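Before any comments, here is the structure.
Everything numeric in this text was worked out from a predicted model, so none of it was measured.
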Amino acid sequence: MDLDTITSISTPMGEGAIGIVRMSGQDAVEIADKLYKGKKQLKDVQTHTINYGHIIDPETDEVVEEVMVSVLRAPRTFTREDIVEINCHGGILTINRVLELTMTHGARIAEPGEYTKRAFLNGRIDLSQAEAVMDFIRSKTDRASKVAMNQIEGRLSELIKKERQTILEILAQIEVNIDYPEYDDVEDATSEFLVTQSKAIKKEIDALLETGQQGKIMREGLSTVIVGKPNVGKSSMLNNLIQDNKAIVTEVAGTTRDVLEEYVNVRGVPLRLVDTAGIRDTEDIVERIGVERSRKALSEADLILFVLNYNEALTEEDRKLYEVVKNEDAIVIINKTDLEQNLDLDEVKRMIGDMPLIETSMLEQRGIDELEIQIRDLFFGGDVQSQDMTYVSNSRHISLLKQARNSIQDAIDAAEMGVPMDMVQIDLTRTWEILGEIIGESASEELIDQLFSQFCLGK
């Protein structure tokens with residue numbers, strides 16, 4: 001594929017030890033040679049080498065920067081094009097000057113995700129692997145990064161390609177039976193054959209979808225809302241879980257006026273932890289806005305941490321909050337156990353039934369470990385074997401797998417009812433096409449552009 005040469009800064013903007021300007025395209029080495037001065041011209045150096053020299057402004061012969069320049073020749077590169085990486089000092093001014101020089105002498109600024117897009121377009125990776133690159137960059141725990149790396153290495157792609165090949169073989173069998181029914185040496189594509197083969201494919205799709213909830217949580221984080229009436233210790237719990245004093249803690253009820261959000265790694269589970277304003281009726285207009293935002297966060301939560309006060313008797317306010325959370329995935333936390341007991345634990349247990357209950361003291365940091373273990377066990381049954389399993393973590397992939405499962409089920413139903421083979425063939429072909437969208441073999445150009453537009457600039 002003949003594409004122009006792109007350039008960008010591939011390291012975060014700001015002061016740092018090193019900043020990198022990356023170019024990719026057939027003219028990358030030629031453009032770099034116009035700016036580079038070293039012992040050799042870059043066109044004469046071996047591939048996959050790093051070379052010391054200076055970047056010169058060709059118009060003034062001014063030395064702009066002392067650099068190390070990496071030269072990587074196609075096709076053994078990320079994009080399968082020639083790549084040049086200019087390693088500069090990490091100052092904002094100088095690295096922007098080098099970028100401008102590359103643009104002045106023939107390169108254009110890269111679009112978000114364009115390097116990864118070129119890797120996809122040039123056949124180095126498929127679409128699911130390309131999406132996993134961004135998942136890897138954004139991963140917030142070791143487990144999430146391992147799941148993304150498995151996808152980058154093609155674990156999901158291999159499974160999808162295997163099922164597509166199986167469908168292709170079934171379709172070929174149907175075609176042969178339709179076109180050459182008189183041939184005795186051709187195996188019959190009977191209804192029983194179609195049902196058996198289609199059920200085997202559906203079983204594999206179901207197995208992937210079973211990992212969807214865990215994979216999506218590891219990718220996006222478990223939306224966890226801390227809820228309770230004012231002054232039960234919600235903000236202290238947030239601070240303890242993230243091990244930082246992000247939330248203001250006072251004895252004054254209603255201190256938290258807004259929704260506070262932080263990411264935290266709990267036993268390998270990424271939590272998108274939300275501390276809410278205490279939900280109560282209030283005349284304070286600012287606090288009232290915070291309460292409304294709390295209610296919205298509550299409706300969108302994957303997990304609710306419902307906090308009660310060990311030092312206070314159960315109130316009507318507590319009971320109303322329980323009615324809101326009782327049908328959700330929730331853990332009841334009795335906090336402030338370092339104070340005198342005024343809460344009837346038997347009454348609480350009768351109210352919450354089988355809902356998990358943890359006793360804590362945020363002041364003395366008791367019960368935190370038990371809470372973390374309970375969160376992990378509630379969603380992952382105690383552990384996540386991310387190294388041994390192929391997880392589906394991308395919402396787009398999960399949606400397409402559900403569509404594929406419905407389509408293959410239609411094929412099974414049709415075959416069991418004795419519908420003609422060419423009608424069953426339509427559902428099988430649709431399943432094959434849907435699975436192809438996951439890896440990009442049947443994805444539209446608009447979809448591809450939209451996906452890569454979400455990437456970092458320079459990746």
Side-chain angles (χ1 to χ4, degrees), residues 224-242 245-260 271 273-299 301-375 377-378:
T224 306
V225 173
I226 307 172
V227 66
K229 65 185 181 184
N231 210 28
V232 294
K234 300 185 299 298
S235 296
S236 296
M237 184 170 298
L238 174 78
N239 290 341
N240 272 280
L241 287 171
I242 67 175
N245 293 320
K246 288 284 186 178
I248 299 172
V249 178
T250 74
E251 295 298 322
V252 179
T255 303
T256 302
R257 299 294 189 95
D258 203 349
V259 170
L260 302 179
L271 297 190
L273 200 60
V274 179
D275 176 24
T276 62
I279 296 178
R280 64 171 179 170
D281 295 327
T282 176
E283 297 301 319
D284 187 311
I285 186 168
V286 177
E287 188 180 358
R288 193 162 64 238
I289 293 170
V291 169
E292 288 305 313
R293 290 181 179 178
S294 297
R295 294 184 188 278
K296 184 175 186 294
L298 200 59
S299 68
D302 298 314
L303 171 65
I304 296 168
L305 303 181
F306 176 38
V307 188
L308 298 172
N309 189 344
Y310 186 77
N311 187 234
E312 294 180 1
L314 205 62
T315 65
E316 187 61 28
E317 199 171 353
D318 292 322
R319 293 182 184 280
K320 286 181 179 179
L321 281 173
Y322 171 72
E323 289 300 315
V324 174
V325 306
K326 67 179 181 180
N327 295 321
E328 308 296 334
D329 286 317
I331 299 172
V332 178
I333 298 158
I334 297 177
N335 190 34
K336 300 192 177 183
T337 55
D338 53 285
L339 300 178
E340 180 183 349
Q341 180 178 353
N342 291 312
L343 182 67
D344 186 336
L345 295 182
D346 291 333
E347 185 182 4
V348 171
K349 290 174 182 177
R350 285 194 300 271
M351 180 180 75
I352 67 173
D354 295 331
M355 196 175 286
L357 185 146
I358 303 289
E359 294 184 23
T360 66
S361 168
M362 293 301 143
L363 182 65
E364 297 179 355
Q365 297 192 335
R366 285 192 279 107
I368 301 297
D369 287 344
E370 291 84 350
L371 176 59
E372 291 182 352
I373 292 169
Q374 184 64 56
I375 291 171
D377 292 353
L378 185 62

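Taking 4.5 Å as the limit, every side-chain heavy atom of Leu314 sits out of range of all side-chain heavy atoms of Asp344. Put simply, the side chain of Val332 does not reach to within 4.5 Å of the side chain of Met351, judged on heavy atoms.
Under a cut-off of 6.0 angstrom, the local environment of CD in Glu364 is crowded, with over 12 non-hydrogen atoms contributed by other residues, nucleotides or ligands. In this structure, Glu347 places its CD atom where more than 12 heavy-atom neighbours from other residues, nucleotides or ligands lie under 6.0 Å away.
A distance-only check finds a donor-acceptor pair linking the side chain of Asn335 to the backbone of Val232 [under 3.5 Å]. A side-chain donor-acceptor contact under 3.5 Å links Asn342 to the backbone of Asn311.
Closest approach of Asp338 to Ser361, counting heavy atoms only: OD1-OG, 2.7 Å. A pairwise comparison of heavy atoms in Ala330 and Pro356 identifies O-CD, 3.5 Å as the closest pair.
Annotation: the span from Asp329 atom CG to Ile375 atom CD1 amounts to 12.0 Å, rounded to 0.5 Å. Here the CG-CD distance, from Leu305 to Gln374, works out to 10.5 Å after rounding to the nearest 0.5 Å. Put simply, CG on Leu339 and CD on Gln341 are 11.5 Å apart, with the number rounded to the nearest 0.5 Å. Note that the CE atom of Met362 and the OG1 atom of Thr337 stand 8.5 Å from one another [nearest 0.5 Å]. Note: Ile333 CD1 to Glu359 CD = 11.5 Å, rounded to the nearest 0.5 Å. One distance of note links NZ of Lys349 with CD1 of Ile334; it measures 7.5 Å at 0.5 Å rounding.
Considering Asp369, Ile368, Ile331 in turn, Ile331 is the only one that fulfils the side chain to side chain contact (heavy atoms under 4.5 Å, CB included) rule with Ile358.
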Checklist entry - So Glu312 and Asp318, side-chain contact (heavy atoms from CB on, under 4.5 Å) or not? Walk me through it. => result CA-CA 11 Å; Glu312 294 180 1; Asp318 292 322; 5.9 Å; no
